[in-house]
Structure formats: C-alpha cells, structure tokens
Amino acid sequence: MKKCNEFHSECKPALSPQLRDTLQKFRVVDVKNECIVESTLQERYLTLSYVWGLVPTIRLRRKNIDDLMSIGALTRTRQQLPQTIRDAIDLVRRLDERY
C-alpha cells in the first residue's frame, strides 16, 4: 500500500467515457459501518477479483437491498458471506481503509 500510494497516488480507473457515465454511482462494502453503500469514482476503494463459485451465498437483490444498506447488515449476515469476502473485509479494515 505504501508503494502504491507513493508511486501511484493519482491513479484513477481507466474507463471509457460511456462506462464512466454509467458508473457515476456504484455500490461498495463500507467496512466501517458494515453495510453496502453507494459510492462515486472519486472515493478511494480497494478491489478484489475472484470467482463466485457454486457455494450458496447471500446476494444483493431488490428485495434485500434496504436491509443490506443498513448499518451493521454485514455483521448480521456475516455467516452467509463467502469466506473470501469475509477475509477481504477484514483485510480492508486492517489496512485502515473504508471501502
């Protein structure tokens, strides 16, 4: 993280204008408030690339979006999250990042 901040402090996602317009707001995990939040491309965030696999897991849907966007939602549903996501949340928190 130190090297990334030192050598790439001005990094911005390399997005096409069309995709940038589409992603003016998108959802991220807020590890401080343990919920899903809407964010913008101006917020600092870390990403994880992984494969969902076939393990049954909780997913963001229209019927549960309000609940998952409420403070503490990911604490209440932690056991339903894949271990990879739980580990990523813990890592982001340990790195003193928020999203």
Sequence neighbours left out, cut at 3.5 Å: what donor-acceptor pairs do the side chains of residues 80-94 make with other protein atoms?
unit_1 : atom_1 : unit_2 : atom_2 : d
Q83    : OE1    : R86    : NH2    : 3.3
Q83    : NE2    : D87    : OD1    : 2.7
R86    : NE     : L81    : O      : 3.1
R86    : NH1    : Q79    : OE1    : 3.4
R86    : NH2    : L81    : O      : 3.3
D90    : OD1    : R78    : NH2    : 3.2
D90    : OD1    : R93    : NH1    : 3.3
D90    : OD2    : R78    : NH2    : 2.9
R93    : NH2    : V31    : O      : 3.2
R93    : NH2    : E34    : OE2    : 2.0

Least distance between heavy atoms, C35 atom then G72 atom = CB-N, 4.5 Å
Looking at E43 and Y99, what are the two nearest heavy atoms and their distance?
-> OE1-CE1, 3.6 Å
How far does CZ of R27 sit from CD of E38, to the nearest 0.5 angstrom?
-> 5.5 Å
Rounded distance (nearest 0.5 Å) linking atom CG of N64 with atom OG of S70 | 10.5 Å
Could you give all pairs that pass the salt bridge (Lys or Arg N to Asp or Glu O under 4.0 Å) test and reach residues 54-71, with sequence neighbours left out?
-> D67-R76
Can I71 be reached from L68 by stepping across I, L, V, M, F, W or Y side chains whose heavy atoms are under 4.5 Å apart?
-> no
Under a 4.5 Å cut-off applied to non-hydrogen side-chain atoms, are I36 and D30 in contact?
-> no
